[in-house]
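Notes follow the structure.
All values reported here derive from a predicted model rather than from experimental measurement. Chain A is the first sequence line, chain B the second, and so forth, proteins listed ahead of strands; every chain is numbered from 1.
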Amino acid sequence: MLQRLSTLFLRTLREDPSDAEVPSHRLLVRGGYIRRAAPGGFTWLPLGWSVYRNVENIVREEMNRAGFQEVHFPALLPREPYEATGRWADYGDNLFRLKDRRGNDFLLAPTHEEMFTLLVKDLYSSYKDLPLSIYQIQTKYRDEARPRAGLLRGREFSMKDSYSFDIDDAGLQRSYDAHREAYQRTFDRLGLPYVIVSAVSGAMGGSASEEFLAPLEVGEDTFVRCTDNVCGYAANTEAVQVRVRESLPSVDAPAAHAENTPNTPSINALVSLMNHEPGLRRADRDWVAGDTLKNVVVMLRYPDGTSQPLVVGLPGDREVDMKRLEAQVSPAEVEPFGDEDFAKHPSLVKGYIGPSVLGIHGTSGIRYLVDPRVVPGSRWITGANEHGKHVVDLVCGRDFTPDGNIEAAEVHAGDPCPNCGSALEIARGIEIGHIFQLGRKYAEALGLSVLDQNGKQVVVTMGSYGIGVSRAVAAIAETCYDDKGLCWPREVAPADVHVVIAGKDEAQIAAAESLCHGLTGAGVRVLLDDRAGVSPGVKFNDAELIGVPTIVVVGRGVANGTIEVKDRKTGVKEDISLAGAVAHLAALCQ
RNA sequence: CGGGGAGUGGCGCAGUGGUAGCGUUCCUGCUUUGGGUGCAGGAGGUCGGGGGUUCAAAUCCCCCCUCCCCGACCA
């Protein structure tokens, strides 16, 4: 393959586009790979499309290698299947909806669980047909509230989505493991570093799920992992399970007693007062925020329009993490509890809410879920449900009983690893893949079952697995660039070798042409900068911006029978003889 | 959706009521040819959209759209 810059549909930019912030967006636009075409939508130019296809092909090859078969669905789909699974409502504003000329509802698919389930139902009806894993590489549509960062979060993007179908849970586990392995191979080939983290399944439903995150600061996901990888634990913050003892040994705490604590609607004010008031001071040490039990009220809004209050109790040194809370209450959305809501619930005294009125059996009737650190036997200072008063020595299990636990408290760096107890660290990552054990949710909703060996109908159990293909292009760019431009791994690069003709000397041009002819004959993909009247400086800069892994300069060395070979990533240059150049470069490119 | 910033030629920017400018890109000619050559001439803009105020609006007022950042949202 030989592409000539003299005719390539390309214009590089001399300056960074002002609306691009993250490196991948900035450099892909500047290098002439993509152009913004719509809010959250991009046009791929020849160089970009070439990289995109390389990535797509690697994904495809690895799926095929694992024995998964490719199919292809429309992106434009009718409402009914999504109605059957409840996702027409659950997806909310994020779903692109439209009507045909008869007024029938359609959607642009955000993902295809329903259609795959129906397709298998359409064709298969026996356990003998299973297991089955099929996939597609398709354009997906999600009406994101805020598209951002170029290709990293668009409203139209390309995704490889696979679905597995098994007769039982053991089969699902095998299919899941097969996908997990295929994903590891895929990301290894793409040159993408990744961390596999435990995740929550969110709107997808189902049980076990893991995310593949490329650990990069520009990523939108926050995850924790065991510092120095002591035990290998890693999880999305949403999925972190706090490790606590079941209960504390029964303490000989005095009976709970209410105290006057005027003007202490905040934890800080309360702790400060408790430490300064002689009658309230603690003998052995100062009170700290972690001694208090903070009760946060929120309103849960469900997709059907109903709403319901919830109180989350947690140690006063932590805030509620909205992402973690929403992951727990999904598909409900969390809204702040406003003054008018307080007016409707007079038993809740803002700033002084305590457990005695909470719980579905309490006077307020509001569900009360607590952080797992609030274990039976733990002792707290908390609101007395009276303005300016708090209760001290309130013991969980003795003086109050919550309705249950909830993982909604912030995770802090240094918190103990749930697995081994060593400190956790917090990092950011780009979600490049996600694998789910869906279970039977979709098969049940859409009636996908097969006959087993005994002639009995068995509901099929499913998994779903996604790789963001267009996002992977951006993620790869993010992992490999410098102040001069992009720097692609060879397998995804738009070419293997970028040949620059440095001078206008006939001998140089002839040498470059002959070299390129030899290279393409050897199966090397070549980009040739044969632009006449363009100064060498411009060509060098463009070559570095475009980021092909090997740059060859055919210039004044030709007089001595040599050319220069430069590694884009390391910057290492070496002069090699023109005579052996094809063999040398072909070996370099494998 | 909340907070902040911004929309002027392909790209980067100036322009606070009076003839739309600069740099770059692009075209022509000469020049230069190993790190974004130099000179000269030229092309390219309904100033995000709509309404309003005014003799006159890129500029002032109102509404909307879009982009960027933070948060919320988000397989």
Got a sec? Which of residues 211-223 of chain A come in under 4.0 Å of RNA chain B, heavy atoms? none
Rounded off to whole Å, could you give me the [atom1]-to-[atom2] distance for the [X] and [N] pair?
X	N	atom1	atom2	value
A:Lys539	B:U33	NZ	C1'	9 Å
A:His25	B:C69	NE2	C1'	14 Å
A:Asp505	B:G34	CG	P	11 Å
A:Arg531	B:G35	CZ	P	16 Å
A:His498	B:G34	NE2	C1'	14 Å
A:Asp529	B:G35	CG	P	15 Å
A:Arg153	B:A72	CZ	P	13 Å
A:Asn541	B:U37	CG	P	9 Å

Separation of the [atom1] atoms in [N] and [M], to the nearest angstrom:
N	M	atom1	result
B:G12	B:G45	C1'	15 Å
B:U59	B:A14	C1'	13 Å
B:U8	B:G48	P	6 Å
B:C27	B:G34	C1'	27 Å
B:C26	B:A43	C1'	8 Å
B:A56	B:G42	C1'	32 Å
B:C13	B:C47	C1'	14 Å
B:C39	B:G3	P	50 Å

Taking the six-membered ring for Trp, are the ring centroids of A:Trp488 and A:Tyr33 within less than 6.0 Å of each other? yes
Centres of the A:Phe68 and A:Tyr135 rings: under 6.0 Å? no
Measuring to OP1 and OP2 of B:U25, would you say a side-chain N or O of A:Arg11 lies under 4.0 angstrom away? no
For B:U33, does OP1 or OP2 lie under 4.0 Å from any side-chain N or O of A:Ser535?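 For B:U33, neither OP1 nor OP2 has a side-chain N or O of A:Ser535 closer than 4.0 Å.
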Checking base pairs now: Watson-Crick or wobble, both atom distances under 3.5 Å. What partners [N]?
N	answer
B:U59	none
B:C30	B:G38
B:C73	none
B:C13	B:G21
B:U53	none

May I have the step-by-step check of salt bridge (charged side-chain N to carboxylate O under 4.0 Å, His left out) for A:Arg11 and A:Asp542, ending in yes or no? CA-CA 10 Å; A:Arg11 187 103 309 147; A:Asp542 275 346; over 6 Å; no
With A:Phe116, which residues qualify under ring-ring contact (aromatic ring centres under 6.0 Å, His included), at least two apart?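 For A:Phe116, the residues satisfying ring-ring contact (aromatic ring centres under 6.0 Å, His included) (neighbours in sequence not counted) are A:Phe73, A:Tyr163.
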What pairs meet the salt bridge (Lys or Arg N to Asp or Glu O under 4.0 Å) rule with one or both residues in residues 466-485 of chain A, with sequence neighbours excluded? A:Asp482-A:Arg568
Applying a 4.0 Å non-hydrogen cut-off, can you work out what A:Arg36 is touching in the nucleic acid: base, sugar-phosphate, or nothing?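 The answer is sugar-phosphate, as A:Arg36 gets under 4.0 Å only of primed atoms, P, OP1 or OP2.
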Assign A:Val553 to base, sugar-phosphate, or nothing according to its heavy-atom contacts below 4.0 angstrom with the strands shown.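 Answer is base: heavy atoms of A:Val553 come under 4.0 Å of a base.
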Contacts of A:Glu21 that satisfy side chain to side chain contact (heavy atoms under 4.5 Å, CB included) - sequence neighbours left out: none
Here's one to test your reading of the geometry: is the NZ or CZ of A:Arg97 within 45 degrees of the ring axis of A:Trp88 and under 6.0 Å from its centre?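 Yes, cation above the ring, under 6.0 Å and within 45°.
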Examine distances only and state if a side-chain atom of A:Tyr141 and a backbone atom of A:Phe157 form a donor-acceptor pair shorter than 3.5 Å. no
May I ask you to decide if A:Ser6's main-chain N or O and A:Asp530's side chain share a donor-acceptor pair within less than 3.5 Å?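 A pair under 3.5 Å: yes.
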Partner of A:Asp177 by side chain to side chain donor-acceptor pair (under 3.5 Å), out of A:Gln173, A:Arg180, A:Arg174: A:Gln173
Who are the salt bridge (Lys or Arg N to Asp or Glu O under 4.0 Å) partners of A:Asp166, not counting sequence neighbours? none
How does protein contact run along nucleotides 8-13 of chain B, one letter per nucleotide 5' to 3', with B for base contact, S for sugar-phosphate only, - for none, heavy atoms under 4.0 Å? --SSSS
Classify the side chain of A:Glu544 and the base of B:G35 as holding, or not holding, a donor-acceptor pair under 3.5 Å.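 Looking at the base of B:G35, it does pair with a donor or acceptor on the side chain of A:Glu544 (distance under 3.5 Å).
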RNA chain B: 5'-proximal contact among A:Arg30 and A:Val534 (nearest heavy atom): A:Val534
5'-most by nearest nucleotide on RNA chain B - A:Asp161 or A:Gly533: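 Counting from the 5' end, the first nearest nucleotide belongs to A:Gly533.
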Which nucleotide sits closest to the side chain of A:Arg148: B:U66, B:C69, B:G35?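 Taking heavy atoms from C-beta onward, the closest nucleotide is B:C69.
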Under a 3.5 Å threshold, yes or no: a donor from one side chain and an acceptor from the other, between A:Glu210 and A:Tyr176?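 A:Glu210 vs A:Tyr176: donor-acceptor pair found between side chains.
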